[in-house]
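Let me begin by presenting the structure, written as structure tokens, before commenting on it.
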Amino acid sequence: MMKKSPIGIFDSGTGGLTVAKAVKKELPNEDIIYFGDTAHLPYGDKSATTIQSYSIKITNVLLERGCKVILIACNSASAAAYELVKEYVGSKALVLNVIDPVIEILENSYQTKKVGLIGTLQTVNSEVFPSKIKQKSLDVDLASLATPLLVPMIEEGFIHNSISYEIIAQYLGDERFKEIDGLILGCTHYPIIKSDLDEHYQGTVRMIDSAEAVAHSLRNQLEKLNLLNEKEDGEDQFLVSDFTPAFQKAANLFFNREITLERYPLWE
Ligand code: DGL
């Protein structure tokens, strides 16, 4: 691993761009290689075994390109494949997921509090959050809810309108979500509707954003290992397993420029 090696980030598709953006904001000197598995999205309703096989394939691509970090930006893949990817990578790169930095926030700021978690079916049904909370003996009262309609809603651009407000109200009207102190945005797409969620709770509930949390954690870990890049000299790369207009559009929008995509099919 070298300081100037790139940071590999992967996701099922566009959602992980929220993480890539947070990483570039926190660490502007770093080069990133982003892999969007557009041929296989969504991950959120797939089995753990399937997500694991995609994750290992993508990890191989990122290792071949010399990444010093493999950041699993997708919550569903973090839930299903982190342990496996970590073991697979060994000492070749640092492996990060988007769940542990949130657990750290719970540990530091939400003990004795009530917290809500929304995410895909995979993330919620895996029970990764409650089991990590239990493992660390945290005194956090967690209410979890799978909210599978939110990803397609966001991808359709139904944001800040009557449809998004109504769907959010239906989901979060759930009794267990009435008196929470914080809400874990347990899916890559949810930072995009942060203000809709804020509005639902009229600013009384803190949003726990895993994209920001993992970017902070990445900075700390690279600093400790003396692996921070001193100056940006390379280029960011964007790989997709399938060319889709939706990904191209989202990438351009996120980074405010025309992004060049490289097609990299995982199986031919
Ligand atoms: N990236 C996924 C996640 O964070 C959401 C989209 C999908 O289901 O693929 O869980």
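Atoms within a ligand are numbered from 1 in the order they appear, just like the ligands themselves. All values derive from a computational prediction rather than experimental measurement. Index from 1, following the sequence.
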Where does Val98 meet ligand 1, judged by heavy-atom distances below 4.0 Å: at the side chain, the backbone, both, or neither? neither
All N/O donor-acceptor pairs, side-chain side in residues 81-91, below 3.5 Å, sequence neighbours left out:
from: Tyr88; atom 1: OH; to: Asn60; atom 2: OD1; distance (Å): 2.7
from: Tyr88; atom 1: OH; to: Asn60; atom 2: ND2; distance (Å): 3.0

Just jot down the ligand 1 atoms closer than 4.0 angstrom to any heavy atom of Tyr43, in number order. 7 (C), 8 (O), 9 (O)
Could you verify whether a donor N or O on one side chain and an acceptor N or O on the other, from Thr147 and Tyr190, lie under 3.5 Å apart? yes
Is the contact between Ser12 and ligand 1 made by the side chain, the backbone, both, or neither, using heavy atoms and a 4.0 Å cut-off? side chain
Determine whether the side chains of Asp139 and Thr112 contain a donor N or O and an acceptor N or O closer than 3.5 Å. no
Checking contacts here: is it the side chain or the backbone of Gln122 that comes within 4.0 Å of ligand 1, counting heavy atoms only? Could be both or neither. neither
For Glu104, which residues count as a side chain to side chain contact (heavy atoms under 4.5 Å, CB included) partner, sequence neighbours excluded? Asn108
Atoms of ligand 1 under 4.0 Å from any heavy atom of Cys74, numbered from 1 in the order shown, are 1 (N), 2 (C), 3 (C), 4 (O), 10 (O)
Under 3.5 Å: N/O of His189 near N/O of ligand 1: no
Any N or O of Ala73 closer than 3.5 Å to N or O of ligand 1: no
For ligand 1, is there an atom lying under 4.0 Å from some heavy atom of Gly15? no
So, for Tyr43 and Tyr54, is the gap between ring centers shorter than 6.0 Å? yes
May I ask you to check whether Thr120 and Ser76 show a side-chain donor-acceptor distance below 3.5 Å? yes
Enumerate the atoms of ligand 1 whose separation from the nearest heavy atom of Gly44 is less than 4.0 angstrom. 7 (C), 8 (O), 9 (O)
Test item, Leu41 contacting ligand 1 (heavy atom, 4.0 angstrom): no
State whether a side-chain donor-acceptor pair under 3.5 Å links Gln135 with Ser131. no
Do side-chain atoms of Lys24 reach the backbone of Val19 as a donor and acceptor pair under 3.5 angstrom? no
Considering heavy atoms of the protein only, find what lies nearest to atom 10 (O) of ligand 1 and give residue, atom and distance to 0.1 Å. Ser76 OG, 2.6 Å
Output yes when the distance from some N or O of ligand 1 to some N or O of Asp11 is under 3.5 Å, and no in every other case. yes
